[in-house]
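Beneath this line is the structure, given in structure tokens, with notes to follow.
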Number of protein chains: 2
Amino acid sequence: MPSTPSRLPCLPVAVDVVALTVRDGSLNVLLVTRLIDPFKGRLALPGGFVTSGEDVGEAASRELAEETGVERVPGHLEQLATYGPKGRDPRGDVLTVAHLLLAPDFPVLVAGSDAEHADWFPVAEALGGTLALAFDHERILRDAVERARSKLEYSPLAAAFCGEEFTIGQLRAVYEAVWGTRLDPRNFHRKATGTPDFLEDTGRVSSGDAGRPAALFRLADRARAEPGRAVLNPPLMRPRPL
Amino acid sequence: MPSTPSRLPCLPVAVDVVALTVRDGSLNVLLVTRLIDPFKGRLALPGGFVTSGEDVGEAASRELAEETGVERVPGHLEQLATYGPKGRDPRGDVLTVAHLLLAPDFPVLVAGSDAEHADWFPVAEALGGTLALAFDHERILRDAVERARSKLEYSPLAAAFCGEEFTIGQLRAVYEAVWGTRLDPRNFHRKATGTPDFLEDTGRVSSGDAGRPAALFRLADRARAEPGRAVLNPPLMRPRPL
DNA sequence: AGGATTATTGTCAAGGTGACGATAATACGG
DNA sequence: CCGTATTATCGTCACCTTGACAATAATCCT
């Protein structure tokens with residue numbers, strides 16, 4: 001049984017998860033509608049308080065599973081940053097450890113109206129102010145998107161948005177959605193296939209889509225083992241935002 | 001008066017600071033000798049518990065000032081990551097928000113033997129196991145060094161290790177100390193002076209050292225305003241570790 | 001079958017990097 | 001005072017990567 005040292009100053013500690021995915025060519029974020037105060041009825045990042053005996057990463061994983069109804073949420077989960085504890089919750093000081101999930105577009109279970117349920121929303125709307133997120137969640141989302149954008153430059157994490165196997169075109173679509181830019185398919189193909197320890201040809205090809213069938217790739221073992229490592233070296237350069 | 005919401009699970013929250021500097025051509029870290037249990041007598045990162053009414057960044061700043069005896073510690077302070085709360089403190093669950101300070105080599109006040117005082121130690125020794133840091137501080141230090149190394153690749157933060165004004169040679173010495181490599185002085189000079197929004201020539205020159213006097217530079221306004229922004233684009237590439 | 005669409009392979013010029021020569025300007029030892 | 005050691009700065013050159021874009025291949029759709 002985990003003990004809590006007494007006689008030490010103590011704070012409520014929460015975790016929040018910014019779960020990002022690519023849907024219909026644009027970046028989306030998982031949000032829940034709050035059923036209780038504070039911010040009752042407003043949209044917020046999925047999250048909750050850390051319970052005793054778990055590390056913050058485990059708490060983030062647990063909350064994500066609880067609020068999506070998905071037992072083993074796919075994708076890459078990493079810690080983002082810690083916010084607070086001052087002035088971010090009307091109930092008082094609350095520290096929150098934000099996490100970032102980069103995941104393929106998985107279906108969330110839509111619960112009945114009596115349970116808090118999560119759904120995907122375009123990041124552009126969430127940051128546009130039209131959705132009015134609870135707490136400081138808009139700021140956290142903004143940081144998360146920036147982190148995701150810069151991670152794609154040098155790490156193999158774009159693949160976390162795809163399934164186990166994917167085509168170069170799908171991978172490029174991830175970059176275009178996250179960066180909000182267009183990339184030249186030919187130059188992207190050259191960089192993606194030419195980078196050592198990044199992709200592995202499965203030998204199979206995709207089918208059913210429009211156009212010529214594309215070769216299916218998966219992450220190289222090295223890239224899967226260390227998802228944060230800089231394999232794109234020199235990095236893939238992010239073009240002008242327009 | 002900041003309130004703490006009741007009826008919420010609660011954790012002791014600490015901050016730790018990995019303060020790095022360059023001394024005698026090698027990377028050093030600020031450590032304190034613990035005067036109380038747990039880990040009494042062992043070396044540890046400066047840090048302490050977050051007190052009510054302050055954000056974690058403020059707490060890190062305050063602890064740093066308290067343990068060094070320096071009122072306004074110079075350099076660049078940023079959040080590193082959050083660790084725990086499970087299994088890192090023998091007293092029980094304690095969450096710690098680690099911070100990273102990149103600073104010029106400032107003198108620490110050496111207090112009497114009855115007060116906890118900080119001093120600089122070579123990172124190589126601290127990570128070599130010879131110093132046996134308290135808690136999970138060796139792991140935190142390892143992460144901090146890796147963060148610092150990668151930040152130098154694309155951000156102007158190397159200048160945080162220097163004073164207000166510095167020569168290209170001093171800046172290069174920072175890179176060599178942090179990365180543990182040698183860099184070609186001519187190519188480094190070309191990259192440093194050729195990168196827009198990075199350095200600003202002060203017009204003055206250094207003197208007194210060996211060799212030809214060097215031009216003194218300072219950080220460009222743009223780089224000082226956003227110390228984390230990627231100005232080195234494409235990044236400065238880190239050579240083989242040996 | 002013909003057109004549309006996406007994948008892949010190349011070509012080429014421009015820009016950045018790594019390796020290294022050459023010169024400049026100062027401190028120091030004799 | 002002079003030659004030497006040391007560090008700063010400027011240049012050169014081959015090589016690599018990128019950005020722009022032509023050309024061909026292999027499917028789907030109508």
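Below, chain A is the first sequence line, B the second, and so on; all start at residue 1.
- The backbone N or O of Val17(B) lies less than 3.5 Å from no partner atom in the side chain of Glu63(B), so there is not a single donor-acceptor pair.
- One can place CG of Leu171(B) at 12 Å from P of dA8(D), the figure rounded to the nearest angstrom.
- In this entry the distance linking CG of Asn233(B) with C1' of dG15(C) reads 13 Å, nearest Å.
- Heavy-atom distances to DNA chain C give each of Asp209(B) and Pro234(B) a nearest nucleotide, and the one nearer the 5′ end belongs to Pro234(B).
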For this session: Sugar-phosphate means primed atoms, P, OP1 and OP2; the rest is base. With that split, encode nucleotides 6-11 of chain C 5' to 3' as B, S or - using protein heavy atoms under 4.0 Å.
Result: BBBBBB
Exercise. Passes side chain to side chain contact (heavy atoms under 4.5 Å, CB included), Arg182(A) versus Tyr175(A)? Steps please.
Worked result: CA-CA 8 Å; Arg182(A) 308 292 294 179; Tyr175(A) 275 90; over 6 Å; no
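- Note on Lys191(A): a side-chain N or O is less than 4.0 Å away from OP1 or OP2 of dT18(D).
- Rounded to whole Å, atom C1' of dT27(D) lies 19 Å from atom CZ of Arg204(A).
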Check: residues 161-170 of chain A side-chain donor-acceptor pairs under 3.5 Å, at least two apart:
{"from": "Glu165(A)", "atom 1": "OE1", "to": "Arg204(A)", "atom 2": "NH2", "distance (Å)": "3.4"}
{"from": "Glu165(A)", "atom 1": "OE2", "to": "Arg204(A)", "atom 2": "NH2", "distance (Å)": "2.6"}
{"from": "Thr167(A)", "atom 1": "OG1", "to": "Gly169(A)", "atom 2": "N", "distance (Å)": "3.4"}
{"from": "Thr167(A)", "atom 1": "OG1", "to": "Gln170(A)", "atom 2": "N", "distance (Å)": "3.0"}
{"from": "Gln170(A)", "atom 1": "OE1", "to": "Thr167(A)", "atom 2": "N", "distance (Å)": "3.1"}

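- A salt bridge is absent between Asp143(A) and Arg147(A): the closest approach of a Lys/Arg side-chain nitrogen to an acidic carboxylate oxygen does not fall below 4.0 angstrom.
- For Glu153(B) and dT17(C), the CD to P distance is 13 Å, given to the nearest whole Å.
- Counting only distance, with no hydrogens or angles, the side chain of Arg149(B) and the backbone of Val178(B) share a donor-acceptor pair below 3.5 Å.
- Rounded to whole angstrom, the span from the CZ atom of Phe188(B) across to the C1' atom of dG16(C) amounts to 16 Å.
- Leu236(A) places its CG atom 16 Å from the C1' atom of dC16(D), with the value rounded to the nearest Å.
- Scored by the ring-ring contact (aromatic ring centres under 6.0 Å, His included) test, His99(B) finds no partners at all (sequence neighbours excluded).
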